[in-house]
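Please read the structure below before turning to the comments.
Residue numbers run from 1 in the order of the sequence given.
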Amino acid sequence: MSFCSDVKDELAMTKTSKCCEPSLAYGFLLFSRSFSFKRISMQTANLIMAQFFKRLMSRVFGADVELCSGGDKKTTYRATVNSEADRLKILAILSDDEGRGGINREMFSRDCCTAAFVRGAFLACGNISNPETEYRVDFSVKDRQLAEQFSEILLENSIKANISKRGNGFVVYIKKNETIGDLLTFMGASKISLEMLETAVLKSVKNNINRAGNCDSGNISKTVEASIKQRTAIEYFLNKGILESLPVELQSAAKLRLDNPNASLKELCKISTTPITVSGLNHRLSRIIDLYNNAKK
């Protein structure tokens, strides 16, 4: 079972009040595969969705829906209103009396009904990626007018979505995890929304730990590399018997490094018996390396 199927299953089980059921059905129909006098049908790979569509059409419109399945590699289910009389009745209830086309807002005058309409749209044409891998919600829409009107409805409810062309249709999509969480809550999938929030928090914590770990690893590597260069130079002067000819402050820095080969500059400054800053100690050790490089030429 995919994450998207889990979301749709929760939305299908969300209790819908009598006043909101027509709006839910309208969203489901308007964004389904076919919604016209000639054909009303929806197609899905989710049997629960097909059965839910059948029950919804029966409850709201008293319409009979035929279920059938097919497909060689992957089973798909088609739910179809075969009766011409049922299709005419559904269109008469849902159509805009003024013939303006697009979304008939008279079908959802209340906020709860608007949420039901959006829920129906998602059940019909929505897809959501698993938040473990990606944050994205898509609504596959037939034409630009419908996409723009639907996007406006979402925005009116503080859910900002974008629109892009895809094939012969359009996609209304959301990629911000906070906005996706708001959408899920608005549609009624509060359980999934909370789970997604927990996933986002865990991902953030893991990313911070990984970044800190990578930073620590980088700092450790730099410390080790610098220590090797410093000790190589110091041991050269020590083996040549000329370390004591260096200035006193350089001798002190050299002894500090030899006695503590794995310590960082900050740690060396804390160990030092005489007060010294990190930049000061780094300058002295760098002078030793410069003298070494000149001596090796």
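- Nearest heavy-atom pair across Lys160 and Ile174 is O-CG1, 3.9 Å.
- Within the 4.5 Å cutoff, no side-chain heavy atoms of Asn46 are placed close to those of Phe52.
- With respect to Lys8 and Asp6, no salt bridge is recorded, no charged nitrogen being found less than 4.0 Å from a carboxylate O.
- Counting heavy atoms of neighbouring residues, nucleotides and ligands inside a 6.0 Å radius, atom CG of Asp290 exceeds 12 of them.
- Heavy atoms of other residues, nucleotides or ligands lying less than 6.0 angstrom from NZ of Lys229 number 12 at most.
- In terms of heavy atoms, Leu67 sits closest to Ala79 at CD2-CB, 3.4 Å.
- Side chains of Thr16 and Arg119: a donor-acceptor N/O pair is present below 3.5 angstrom, by distance only.
- When all heavy atoms of Pro22 and Val60 are compared, the closest pair comes out as CA-CG1, 4.0 Å.
- When the shell of 6.0 Å around NZ of Lys176 is examined, it contains 12 or fewer heavy atoms from other residues, nucleotides or ligands.
- For Phe150 and Phe31, the gap between ring centers is short of 6.0 Å.
- Linking ILVMFWY residues whenever their side-chain heavy atoms come closer than 4.5 Å, directly or via other members, places Leu281 and Leu243 in the same cluster.
- Considering only heavy atoms from C-beta on, Asp9 comes within 4.5 Å of Met49 through its side chain.
- What you find for Phe108 and Asn104 is that their closest heavy atoms are CE2-O, 3.8 Å.
- The two atoms that bring Ser272 and Leu256 nearest to each other are CB-CD2, 3.8 Å, heavy atoms only.
- Under a cutoff of 6.0 Å and an axis angle of 45°, Lys175 and Tyr135 do not form a cation-pi pair.
- For the pair Asn127 and Phe122, the minimum side-chain heavy-atom distance is 4.5 Å or more.
- No donor-acceptor contact under 3.5 angstrom links the side chains of Thr114 and Arg110, judged on distance only.
- Taken together through direct or relayed side-chain contacts under 4.5 Å among Ile, Leu, Val, Met, Phe, Trp and Tyr, Ile48 and Phe3 form part of one hydrophobic cluster.
- Using a 4.5 Å cut-off on side-chain heavy atoms (C-beta onward), Pro261 and Arg231 make contact.
- Within 6.0 Å of the CG atom in Asn239, the count of heavy atoms belonging to other residues, nucleotides or ligands exceeds 12.
- Closest heavy-atom contact between Ala161 and Leu154: CB-CD1, 4.0 Å.
- The aromatic ring centres of Phe139 and Tyr173 sit 6.0 Å or more apart.
- Applying the 6.0 Å contact sphere to NZ of Lys38 captures no more than 12 heavy atoms from other residues, nucleotides or ligands.
- Side chains of Leu246 and Leu291 form a contact here, defined as non-hydrogen atoms less than 4.5 Å apart.
- A 4.5 Å side-chain heavy-atom check between Ser34 and Met42 finds every atom pair outside the cut-off.
- The shortest side-chain heavy-atom distance between Glu84 and Phe37 falls under the 4.5 Å cut-off.
- Taking the side chain as every heavy atom from C-beta outward, Ile103 and Leu30 approach each other to under 4.5 Å.
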